[in-house]
Amino acid sequence: MKKIGDTISWLLMLTVLTVSFAGSGMVVAQEKVKLSYISNMWREVAVATQEKQLEEFKKTHPNIELEPTLYIPWGDYRMWLLKALASGTLPDVIQHGVEFLDEFAQHGTFLPLDKYITGDHYNRIVKIAWESAKVEETIYGLPHSIWLEPAFMYRTDIFKEEGIEPPQIGEAWTMEEALSVAKKLTKDLDGDGEIDRWGWVERGRAGWIFLKHFGWHIRTWDGNIIRKLPDGRWKSGMDLPGTRDTIRFFIDLHTKHKVAPKAAIGYGFEDWRSGFITGKIAMGSMGTWLGSILYRENPDVKWSAMNLPSGKIPITQIATFVMSISSQTEHPDEAWELAKWLTTQTVEDRIKIADIQGCVVVFKNVLERPEYQEEPMRAVFKPFFQGLATGEIENLRMWARHPNPQYADIMISVVAPTVHNIILGKMSFEEGIEYMEKEINKKLRYFG
Amino acid sequence: MSFHRYPLLGVDKPFIGLKNYIALLSEDPYFWGVVKNTFLWTFVSIGISFIFSMGVALLLNQELKGRNVFRALSILPWAIPPVVASLTWTMFYDPFLGLFNHILYKLGIIRSYHAWLSEEATVLPSLVLVVFWKYNAFLIIGLLAGLQGIPMQLYESAKIDGANTVQRFFYITLPQLKPIILVLLTLQIIWRFNHFDIVWVMTRGGPAHLSHLIATYAYQHAFISLEFGYASAIGVIGMVFLGIFIVILVGRMK
Amino acid sequence: MTRRVKAILKKTALHLSIGLVLLIVLFPIYWMFMNSLKPIKEIRTQSTRIIPANPTLDNYRRVAKRTEFKRYLLNSLIVTSAVVSLSVVISIFTGYALSRFTFLGKQTFSIGLLASQTLSPVLLAIPLFLILRKLRLVNTYQGLTLTYLTVVLPFSSWMLRGYFDTIPIELEQAAMIDGCSRVGVVFRILFPLSAPGIATVAIFGFILAWQEYLYALTIMTSQKMMTATVGITSFIGVEEIKWGQMGAFASILTFPAIIFFVLVQKYVVQGLTRGAVKE
């Protein structure tokens, strides 16, 4: 009896097997144009809205069949794209972020879009957004959403408690000022000898997080970890005074001034957020999208934002979402139609997605709408969005972008662990600089 | 591949002989730390796991009721996808709102909250705990099965001869279990040495490469730095170390 | 104190300690499950609550609404059943060959099987991906199944060989004298007698295929083909994790695994004992 039962389950399994193999090998007769689309916008509302956009596209373009992939894990998006590129399975339309642009454009992943973009189209979108989609004057994607990465966020109630008047967003202030404020905020609240509230915490977890938070420090001190020599070669930027100032200041936050705990070098997003909502972190840099999350999930937390403190040069760092077309696509015109539809022709949907993802759209006419600016979720950043529309913000830079495509790798593999090691006291400042100089040059094949 | 310089999307993949290995073994400042981590990680977690499982298995061997229920339930951590387990534990370990901090503080075991996954001293032990939690059931069940296979007569005659509990354990139980212990240990060591999922998700190699294991270190070089040649060299050396270790262990146990 | 009382006390102590161990072991799982019943706001703000204040099935509803997740489960089921069935069939024959036949290079082959287990999966991911790319098997069920088989088969064959070694060869010889073919021998005699071993092989195949992340992520490149373990990571944004829904999906995901385990766990025990002792 048992034998029969076993045999039956065997047969069942083998049948499933055969069917599955047959199924995946079946060729569907192609009458329609098939477009594949991927996106890393993963929040429910964003996914649902994208699905709606895709549905409507299908109605107006009945000859096009769509194959969307909307659930790629964000952390693995880059690897996913790399694999797709290497195996020749790139989707036709790719939604991604400015951080991928340099690296992938170098490998010829994207189709240049200049011939498709009309002057009218160009003027509708803020200039800085276009900059984020260009590599050396060629446009490789359609920008559609923009946000501050990072903004400098703080707890208004803690500031009030300490009697400190914070600068408004749009007002400039310096690193020194920020540091003195941070020192006032860092306290041992219950007298047990351990600091309970930290004044200025940057997240350090290995990976892109470090790029977000260390990257702007370098820029504002006018440093660079990789620089180009007149003869065209790339070299480590450790010899630049700005770079050293950055590293010095960043490390001192943790070791000398002690406004941030050493453990912050391992903080991820969730950790920082927990610290912020419990008031253990009073101030620090964080993307504007946290604002959107707090608004929805922790509405009782009182916070606001201000400009990034400036070192030598004031900067504002932004990030954008970009819609690109694969250079391997067989249907560039249809792909363009889809890309255009998703970004420009369904603006209200785009606004909805931007809201849930915590960013704003790049269309001047939307950014200038007073109701748009006054929306509670965005009201804090109003001056910034106004500035975007009129183009009046000083020194707007894009996070993660660097003319050298190895920038991200070098930051993650070399700079981050070394800076952290110096903070932990395993290396001295000079040793760390020396090590980074050597390693970065090695990676850049500066020596050939 | 480990003998080449092999950027995934690069055009030239030249043969560079043993350069990867030389660079890895002599110039990479993190590699030996990673190796040490991996060995420590394997030894400590399996050592603790083994002693704990032995204890639990002995307990269960005496208890007749509920044994099957326990066996079924203890497998649950094993059944959960590693990613979910990792994230759940990451939330436990949250430095400000985590339940782990909360409970330990309430019980008076710690004076203040810690950032378990971000502090040098606690990151590896915290990870070991997670892996222990997840994979321990395997050892318990295996050992229990072995215990159940030992004939009662051996114990009876030993009792008659006047052996006490401890003596019975060391002179009957352990020797009888030897073959099983060998198999179980070998398997566990191989799996634990090459572990990747949980550590990568929870710390990505941890603050300043402090929680990197050989597998995660290789992964970082392969998929972040896109240096597949170097990554392969890491993997091969790891395999060699593991192989040597197993041979020594098996030899000594036989 | 009488012996009887002592015995009862001992029993109670045992029950208690086992209960405690179980409590600690299961707590994270319980908590994950509880998270799936908490509304979003509560997960973050009241993370230390052990029992949800306002339990809701909302998370489950949201997961169910997304059609992709049914697809992920289906993909996982397909790949898992493929791996389980194929690995069992192939390893039976391999194990049999290793046990009964002598052929050139047998010793090397056996050691090679064991040695292949020491390779780190990360190391293998790269070459496998490149090979599959050449064979155009990226993003197919076949590709992933083949990959999992390369991991499962060495262990499975080794295990079953141990089992078959314990079955006296006289039984087969008797059957063959009676006119049974070799293949018949395998199915009629070895199969029933080594059911526990076969169950072990099935379970390991199941565990690997159902839970595996790295290879599934590397090989399946389109949404339609993703397995559940990769799919569950879609609840993880770059800077945010949807605990509620993830807990819901994870709970759904573990269900078949638990059932499978509970049904077969007795065999695992027997399987490990019989196969191992004879090594």
Side-chain angles (χ1 to χ4, degrees), chain A residues 73 75-76 78-79 82-83 85-86 103-104 106-109 190 192-196 204-207 209 261-268 270-281 406 408-410 412-414 416-427 435 438-439 442-443, chain B residues 5 7-11 23 27-30 33-34 83 87 90-99 101-102 105 110-123 126 200-212 216-217 219-228 230-231:
Chain A
D76 298 308
R78 177 170 170 265
M79 188 176 90
L82 281 171
K83 268 192 332 253
L85 178 62
E103 185 183 5
F104 285 96
Q106 190 218 28
H107 291 128
T109 318
D190 52 7
D192 62 351
E194 308 254 346
I195 300 183
D196 303 295
R205 181 167 290 178
I209 292 179
K262 286 196 183 161
I265 63 175
Y267 280 179
E270 294 276 344
D271 305 320
W272 200 95
R273 180 183 167 189
S274 309
F276 194 67
I277 59 182
T278 51
K280 301 270 163 58
I281 294 179
Q406 284 179 286
D409 174 32
I410 289 179
I412 296 176
S413 320
V414 178
T418 315
V419 169
H420 291 165
N421 270 325
I422 304 177
I423 291 178
L424 286 175
K426 292 179 173 226
M427 272 191 200
Y435 172 73
K438 202 175 64 160
E439 283 304 307
K442 230 201 293 181
K443 281 213 174 215
Chain B
R5 193 169 68 218
L8 178 64
L9 298 168
V11 176
E27 289 170 10
D28 191 323
Y30 297 109
V34 170
V83 184
L87 291 174
T90 308
M91 193 160 160
F92 266 155
Y93 282 142
D94 187 296
F96 305 103
L97 286 176
L99 213 59
N101 271 322
H102 188 74
Y105 188 74
I110 53 174
R111 269 194 327 135
S112 63
Y113 281 20
H114 284 282
W116 302 96
L117 295 174
S118 311
E119 290 172 22
E120 184 178 359
T122 58
V123 65
S126 308
W200 182 257
V201 173
M202 289 180 84
T203 60
R204 289 244 189 295
H209 287 321
L210 284 170
S211 66
H212 258 310
T216 58
Y217 196 58
Y219 186 88
Q220 168 150 338
H221 279 277
F223 289 103
I224 292 188
S225 308
L226 297 182
E227 277 293 329
F228 280 76
Y230 197 75

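Here the structure is a predicted model, which is why all the values come from computation and not from measurement. First the proteins, then the strands, lettered A, B, ... as listed; each starts at 1. Computed over heavy atoms, backbone and side chain alike; hydrogens, waters and symmetry mates excluded.
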Q) Salt bridge between B:Glu119 and A:Lys262, side-chain N to carboxylate O under 4.0 Å? A)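 No, this pair does not count.
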Identify which part of [X] has an atom lying under 4.5 Å from any heavy atom of chain B, answering side chain, backbone, both or neither.
X: A:Glu103; value: side chain
X: A:Ile410; value: neither
X: A:Thr278; value: side chain

Q: Can you see which heavy atom on A:Ser413 is nearest to which on B:His209, and at what distance?
A: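 Where A:Ser413 meets B:His209 most closely, the heavy atoms are O-NE2, 3.9 Å.
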**Q.** Contact summary for A:Glu270 and B:Asp94, nearest pair of heavy atoms
**A.**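 In terms of heavy atoms, the two residues are closest at O-OD2, 3.6 Å.
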Q) Under a 4.5 Å heavy-atom cutoff, which of A:Ala408, A:Pro417, A:Gly266, A:Ala264 has the most pairs with chain B? A)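 The option with the most such pairs is A:Pro417.
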Q: Identify which of A:Asp409, A:Ile265, A:Leu424, A:Ile423 forms the greatest number of heavy-atom pairs closer than 4.5 Å to chain B.
A: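 Winner by heavy-atom pair count: A:Asp409.
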**Q.** Step-by-step side-chain contact (heavy atoms from CB on, under 4.5 Å) determination, B:Phe96 to A:Ile281
**A.** CA-CA 10 Å; B:Phe96 305 103; A:Ile281 294 179; 4.2 Å; yes
Q) Hey, which of B:Pro95, B:Gly205, B:Ala115 has the most heavy atom pairs under 4.5 Å with chain A? A)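 Heavy-atom pair counts peak at B:Pro95.
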Sub-4.5 Å side-chain heavy-atom contact between [X] and [Y]:
X: B:Glu120; Y: A:Lys426; answer: yes
X: A:Asp271; Y: B:Leu117; answer: no
X: A:Gln406; Y: B:Ser225; answer: no

Q | Contact class of B:Tyr30 relative to chain A, heavy atoms under 4.5 angstrom | A |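 Just the side chain, heavy atoms under 4.5 Å.
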